[in-house]
Amino acid sequence: MKRYNGYRALILTVALGLLIGSSSGALAAQAVLAWNPSTDSSVTGYKVYYGTQSGNYQASIDVGNNTTYTLTGLSASETYYLAVTAYSSTQESPYSQELACDFITAATASNGQITPSGTTALSAGTSQTYTIVPNSGYQISALVIDGLQTSPAASYTFANVSGCHTISAVFAPVTTSGTTPVTTPVTTPVTTPVTTPVSTGYTISASAGNGGSISPSATVNVAAGAAQTFTISPGANYQIANVMVDGVSVGAVSGYSFQNVTGNHSIQAVFEAKQISIVSSVQGNGAISPTGTNSYSAGTNVPFTMVPASGYALKEVLVDGNAVSGALEATATSTSASGATYTFSDVESNHTICAVYAPSYPVVADPGPDQNIKAGKTVTLNGQNSTSSGSPILSYKWTQISGPAVTLSNPSSAVCTFTPVDVTTAEPLAFELTVTNSAGITGSSSCLVNVSSNGEGPTLTGGPDQTVSASSNVTLDGSSASDSYGTITNYTWIQTAGPTVTLNNANTAAASFVAPAIGAQSVTLAFELTVQDQYGLEARGQWTVNVAGDSLPPVADAGQNLTANPMSSAELNGAQSSDPAGSSDTYLWTQLSGEPVSLSDPTSPTPTFTVPPDPNQSPLVFMLTVTDGVDQLSATAQCTVTILHAGPGFQTLRPGWSFSNAGGAAQNN
């Protein structure tokens, strides 16, 4: 689904609240999100994105047409970054303003209360005050903030929160000094004086349960009035559940100090298996099991099984937002009953996993190039360059999605026409083509038609490919956009393929981003720039950026630019394209501008077409996309076909001759 700059960006307006901690002791929490509904009438639903890195959302949830949603299974020790998008049947809005969420966990204890209790979530930068009240007969002995013991207080405030915290309170009995003497008549016997020894030391008994240790341990001798500190350390895949001092809980602290020891004491550390959560989801038609958010004991192996729906195949598996390769135990296709398996081994931290499914016989809908048309001239929409792998196309459907309504001649055929009415100001029109093959798989895409009094409008054909290193700074330059009819007033960049990156200056001619850290893997990122002039006329262009790991992308070669006579046969030549990996590549030709033509085979390296009859038409621009058959890296190249004008020196091709951009000269077929 394309992101579309026409949607108004959403803004999260309600702070997170109603957050509930886990009663089992695991650091789990939930949060309630709310946002303003979009004012765009075509919006049919919303998606919630979240992750533990700003701008890098590891998971998304389609919440339908709701404007509130409760996220569950979150870790109370992690800061989460959240955003929302709106979507229609074909488009998705940019992300809303990002919201950072931190958690504070208040541990419960005997003989007193701390309010609010459990796990509370806050928007970053806000504050939270806690009230500590002992039960009757008890007093506050100490507060423990983030595992460190502090002085007792009846309240404590976390100000300008910028991370996750813990708080607990230690309560002790109230001691009463002095007694009321009782006089009883007695006869005092004569006794021999006895000397009572004065105690010079005490003992502290220190013990730890399974899953960790306490240091020092066993019986520790402490001089009267001295201090003794103990350190509590959980073992691998365990966490501190509680620490008991003289039988009273002081919370899950990592250290405790006895001060001014005047008696014997005991300290006991209790541990529990660390719990982690794994959030599973799917994109496309298929299933993953187990699904949703599930908790597991750390150190265990957790397998996930992925099975595609009929007519679909497993395209990739995203773990923590990154594609994995070579990790599947089976290839999942529409004929695989058991599907594919991915296993998290000896898991020690929270994760996300997403199974991405794609049609087994994918359809590529090609509605033809964007066009600049003079008012009153008949416009042709040509979808004949649409392709379907392994299954023939059965139906076409054209739908107008924006602009003043026009009448399409045959909206159910591959080619249809319409005539825009005369205009006094420029008018942008948009049309969507939906193609369905015999397997029932559909594909959709849109084209723009700018109508003006002189047939002029913005032009933009995209930029050259870039190959960059992981984590490098990348600039996308759209300054080549031009407009002979008006002035470019708006720029909008969106990402259309590849691991999500954060675009900087996305509303200027030059956007930038930091390439993802991909390790040995290589990935292709695709971006689209839409420019708009003061009349609302638009033009679009594509930019491809390959982030190179151990493999390099193919090299696309669209051949030389060429000139051709009207109504002659011309050939595009991408046969000189190459691939350093030597794999079997796929080809796809797309017309970017000019009067729409029908290619003999858009997936051939050398398709042919008939040159339009009007020599006054603007040049035809074509883009070749070459995709590596092994790692799906892509590269693009463009060529231009200029239609010759009749006049002095005009040469008409003899029957059986054609033009080819292999060398740009006429040749006999």
Side-chain angles (χ1 to χ4, degrees), residues 1-2 4-7 40-44 88-91 363-386 393-436 442-460 483-486 488-490 492 528 530-541 590-598 612-614 616-618 620-621:
M1 180 180 292
K2 284 188 177 180
Y4 180 53
N5 61 294
Y7 284 131
D40 194 315
S41 60
S42 65
V43 168
T44 58
S88 69
S89 59
T90 58
Q91 310 290 346
V363 174
V364 178
D366 185 346
D370 294 343
Q371 302 181 60
N372 293 324
I373 297 295
K374 187 175 182 180
K377 180 182 177 181
T378 298
V379 181
T380 299
L381 302 177
N382 189 341
Q384 288 185 325
N385 294 327
S386 301
I393 294 176
L394 291 185
S395 66
Y396 300 82
K397 180 182 178 181
W398 291 93
T399 305
Q400 184 176 0
I401 56 178
S402 69
V406 299
T407 300
L408 298 176
S409 62
N410 193 346
S412 298
S413 65
V415 179
C416 69
T417 61
F418 70 92
T419 302
V421 299
D422 290 336
V423 296
T424 56
T425 60
E427 293 178 340
L429 310 177
F431 301 87
E432 181 178 72
L433 171 64
T434 299
V435 179
T436 305
T442 63
S444 298
S445 189
S446 63
C447 64
L448 301 173
V449 177
N450 294 315
V451 181
S452 62
S453 59
N454 58 4
E456 300 292 338
T459 58
L460 177 64
D483 192 342
S484 59
Y485 184 72
I488 303 295
T489 57
N490 294 302
T492 303
E528 183 179 87
T530 300
V531 297
Q532 189 178 63
D533 65 15
Q534 74 269 36
Y535 305 109
L537 303 182
E538 295 182 347
R540 300 178 296 184
T590 306
Q591 186 177 355
L592 300 181
S593 66
E595 184 174 343
V597 301
S598 298
D614 186 356
N616 295 313
Q617 284 291 324
S618 59
L620 313 178
V621 180

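All figures in this text were calculated on a predicted structure; none of them were measured in a lab.
- Checking side-chain atoms of N372 against main-chain N and O of V451 turns up no donor-acceptor pair under 3.5 Å.
- Contact of the S409 side chain with the C416 side chain is registered, since non-hydrogen atoms from C-beta on lie closer than 4.5 Å.
- Using a distance-only test at 3.5 Å, with no hydrogens or angles considered, no donor-acceptor pair links the side chain of N454 to the main chain of Y485.
- A side-chain donor from one of T378 and T419 sits under 3.5 Å from a side-chain acceptor of the other.
- Here the OG1 atom belonging to T44 is positioned 11.0 Å from the CD atom belonging to Q91, to the nearest 0.5 angstrom.
- Heavy atoms only, all atoms of each residue included: A430 and L448 are closest at CB-CD2, 4.0 Å.
- Side-chain contact between L408 and L381 is present, with heavy atoms from C-beta onward closer than 4.5 Å.
- In this structure, L592 and P369 have side chains that are not in contact, with every pair of non-hydrogen atoms separated by 4.5 Å or more.
- Exactly one of V415, D366, V597, I393 qualifies for a side chain to side chain contact (heavy atoms under 4.5 Å, CB included) with Q384. That residue is V415.
- If you check the side chains of T434 and S444, you find a donor sitting under 3.5 Å from an acceptor.
- Atom-to-atom distance recorded for E432:CD and Q400:CD is 12.0 Å, nearest 0.5 angstrom.
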*Derivation and outcome, side chain to side chain contact (heavy atoms under 4.5 Å, CB included), residues F431 and V449*: CA-CA 8 Å; F431 301 87; V449 177; 3.9 Å; yes

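- A heavy-atom distance below 4.5 Å is found between the side chains of R540 and S446.
- Rounding to the nearest 0.5 Å places CD1 of I401 at 9.5 Å from OG of S42.
- In plain terms, the two heavy atoms of Y535 and A426 that are nearest each other are CB-CB, 3.7 Å.
- Using a 4.5 Å heavy-atom threshold, the side chains of T436 and L394 count as separate.
- Considering only heavy atoms from C-beta on, V406 comes within 4.5 Å of L429 through its side chain.
- Side chains of T407 and F418 form no contact here, defined as non-hydrogen atoms less than 4.5 Å apart.
- For the 3.5 Å distance criterion, the side chains of N382 and T380 fail to qualify, holding no donor opposite an acceptor.
- The CD atom of E538 lies 9.0 Å from the CG atom of D533; values are rounded to the nearest 0.5 Å.
- For the pair P428 and L537, the tightest heavy-atom approach, listed with the atom from each and the gap, is N-CD2, 3.8 Å.
- For W398 (side chain) and S412 (main-chain N/O), no donor-acceptor pair under 3.5 Å exists by modelled atom type.
- Listed here is the closest heavy atom pair of A365 and S445: O-CB, 3.3 Å.
- Between P458 and N450, the closest heavy-atom pair is CD-ND2, 4.1 Å.
- Atoms SG and CD, from C447 and Q371 in turn, are 7.0 Å apart once rounded to the nearest 0.5 Å.
- Rounding to the nearest 0.5 Å places OG1 of T459 at 7.5 Å from CG of D483.
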*asked:* Does T489 form a side chain to side chain donor-acceptor pair (under 3.5 Å) with Q534? I'd like the steps, not just the answer.
replied: CA-CA 6 Å; T489 57; Q534 74 269 36; 5.8 Å; no

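- Taking every heavy atom of both residues into account, Q591 and P596 meet most closely at OE1-CA, 3.4 Å.
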